[in-house]
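Let me begin by presenting the structure, written as structure tokens, before commenting on it.
Just so we're on the same page: letters track the sequence lines, and every chain starts at 1.
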Protein chains: 2
Amino acid sequence: MQQKISSDTTRKKKVVDLHVIKVACNECSLHQLCLPRSISGTDLEKLDDIIERKKPLKRNDHLFQVGSTFQSIYVVRSGSLKTYSPTVDGQEQVTGFHLPGELLGLDAIGKGHHPCAAKALEMTSVCEVPFVNLEKLTQELPTLQHQLLRLMSKEIFDDQELMLLLGKKTAEARLSAFLLSISLRFKQRGFSCSEFYLSMSRNDIANYLGLAVETVSRMFTRFQEDGLISAERKHIIIKNRDDLQKIAGINEYCTDQTKKDSQAVL
Amino acid sequence: MQQKISSDTTRKKKVVDLHVIKVACNECSLHQLCLPRSISGTDLEKLDDIIERKKPLKRNDHLFQVGSTFQSIYVVRSGSLKTYSPTVDGQEQVTGFHLPGELLGLDAIGKGHHPCAAKALEMTSVCEVPFVNLEKLTQELPTLQHQLLRLMSKEIFDDQELMLLLGKKTAEARLSAFLLSISLRFKQRGFSCSEFYLSMSRNDIANYLGLAVETVSRMFTRFQEDGLISAERKHIIIKNRDDLQKIAGINEYCTDQTKKDSQAVL
DNA sequence: GTATAAAATTGATATTTATCAATTATAGTG
DNA sequence: CACTATAATTGATAAATATCAATTTTATAC
């Protein structure tokens, strides 16, 4: 239960680190966690004190393996990762994609080890937050605890939205819901929601959606023919969001704020 | 942010309630939350103080509606519920089933309102835990906070297992994974894992798994013909767990503890 | 740059699953 | 108990998707 991580004495001075984090984490989901409005200067230093920067991961590097002991939660700073579980027949099943500002490892707190592996899809850097330290700190800072609970709740909420996605019957409904989901997540981090790069392969997408690669490829082609999107390899442009939403057949993923609000009411 | 619930003065005496809860919650997931080993007698009273018993729900009664403001998390004491979201075309999509000892409402903490509705599948009773009180109490009791985080993490973990289920390609893989999942959950609560009653309709199952009702029905028939299960209406007997697991094609849901352990190691 | 490997696309076919329609079984109600 | 509505099953057919095979494109290594 002792953490070796914070015994690292070669770390740069707090103040400098903090400054960098403050700037870079502007659109990060940990932003709320790291820098609640009400937090005081000394509290902020305490929090900064427990956050580590991992050295960047290269494509296909693992952030953690299946079954590895849980020590920290991670926030994607840049790049992206996929999480996956091994299946009986030696294949892997992709369980999620993690974009900048999103969290990894929350599913491991309960059991003490990671139920899935996390692999970088491209050059990726993450922040590491040793959990024992974070938990200790939440006892001192009630706002921090509240933020942590909110973030975990959001994770549960997001997972359930993805279950809605995977519960869809047709391949086109799944793929369009997937694309809208990615689009929304980019938007939430301050990126364009109508134009973005998919870092994951068609194979990963197919695996994740429970479809054959060929089907996914054909759907991409069809969506292009129908003028719904432009897909140049990994470069995606959403050209007709409305129709995509109709195909997805769910009101969960709409980026239109008015719709989202009306949905929230009863 | 004020809670009207605890202003109820007609509630029975603490000590009596506590006793009942202690006995009945033996196999409840809130057991860990309610009654951590290290908790002292007075702390226990404090905790008991914030737990409410709702009056039992009849079949098709709602525990909460979509969009209703979040106030409490709930634990299923007996019976069962389904959660579902409305889709654009006026249909509903089932997002989960909740068996005795399982939690509801954790997905609502972040946004402050319930993203899905919860409806009783049969006569059902739940415990209600007003969240502001719980959160306040965790500040006093570090063990309680730890348990709460563990439970939320477990929820995330469970959701991801279900995503594995829904990501499966074939109908038979989905249904067998579903049955094994239910079986495991019953086992975890101390019920039989080889014989149980499904409280949800075939329609709900199909909806949840992203399949047509007819397909689900046919799969039930096929599984019976193959001697995998016995399905007399809602009464299910698992007759050949090994083959079911092969069909499910994943090692996540195995109830065999040895397999589970070996899986945990890298 | 070329060679090689990996990823993505496309086509043809077989399998699976949804849909439509009808029947049977079950549960709820007066 | 009969009556009604709902749920579940079964069969036939159409539609969707997986699989197999081949090709093209892109990425990576040398």
Exercise. How does each nucleotide of nucleotides 23-30 of chain C score, in 5' to 3' order, for protein heavy atoms under 4.0 Å: base (B), sugar-phosphate only (S), or none (-)?
Worked result: ---S----

Exercise. Do any N or O atoms from the side chain of E122(B) and from the backbone of R59(B) form a donor-acceptor pair under 3.5 angstrom?
Worked result: no

Exercise. Among all residues two or more places apart in sequence or in another chain, which pass the side chain to side chain donor-acceptor pair (under 3.5 Å) test with S194(A)?
Worked result: S192(A)

Exercise. Quick check: are there more than 12 heavy atoms from other residues, nucleotides or ligands sitting under 6.0 Å from NZ of K58(B)?
Worked result: no

For this session: Figure out the NZ/P separation between K169(A) and dT17(C), and round it to whole Å.
Result: 13 Å

Problem set entry | For E195(A), salt bridge (Lys or Arg N to Asp or Glu O under 4.0 Å) partners two or more places apart | none

Exercise. Excluding sequence neighbours, so at least two apart, what forms side chain to side chain donor-acceptor pair (under 3.5 Å) with R185(A)?
Worked result: E102(A)

Problem set entry | From L99(A), L121(A), D61(A), L57(A), residue fulfilling side-chain contact (heavy atoms from CB on, under 4.5 Å) relative to L81(A) | L57(A)

Exercise. Looking at residues at least two apart in the chain, or sitting in another chain, which of them share a side chain to side chain donor-acceptor pair (under 3.5 Å) with S230(B)?
Worked result: none

For this session: Could you list the residues that satisfy side chain to side chain donor-acceptor pair (under 3.5 Å) with K82(B), not counting sequence neighbours?
Result: E92(B), D204(B)

Exercise. Does any pair with a residue in residues 223-245 of chain B pass ring-ring contact (aromatic ring centres under 6.0 Å, His included), and if so which ones, sequence neighbours excluded?
Worked result: Y197(B)-H235(B)

Problem set entry | Residues K154(B) and D158(B) bridged, charged N to O under 4.0 Å | yes

Problem set entry | Any residue meeting side chain to side chain contact (heavy atoms under 4.5 Å, CB included) with D107(B), in chain and number order, not counting sequence neighbours | I156(A), F157(A), Q160(A), P115(B), C116(B)

Seminar exercise, completed: Span of DNA chain D engaged by chain B, first through last nucleotide within the 4.0 Å heavy-atom cut-off, is dA8(D) to dA18(D)

For this session: Could I get the full list of salt bridge (Lys or Arg N to Asp or Glu O under 4.0 Å) partners for R202(A), not counting sequence neighbours?
Result: none

Seminar exercise, completed: The correct set of residues in residues 201-220 of chain B placing a heavy atom under 4.0 Å from DNA chain C is G210(B), L211(B), A212(B), E214(B), T215(B), R218(B), M219(B)

Exercise. Angle, rounded to 10°, between the helical axes spanning five pairs at each terminus of the helix from dG1(C)-dC30(D) to dG30(C)-dC1(D)?
Worked result: 60°

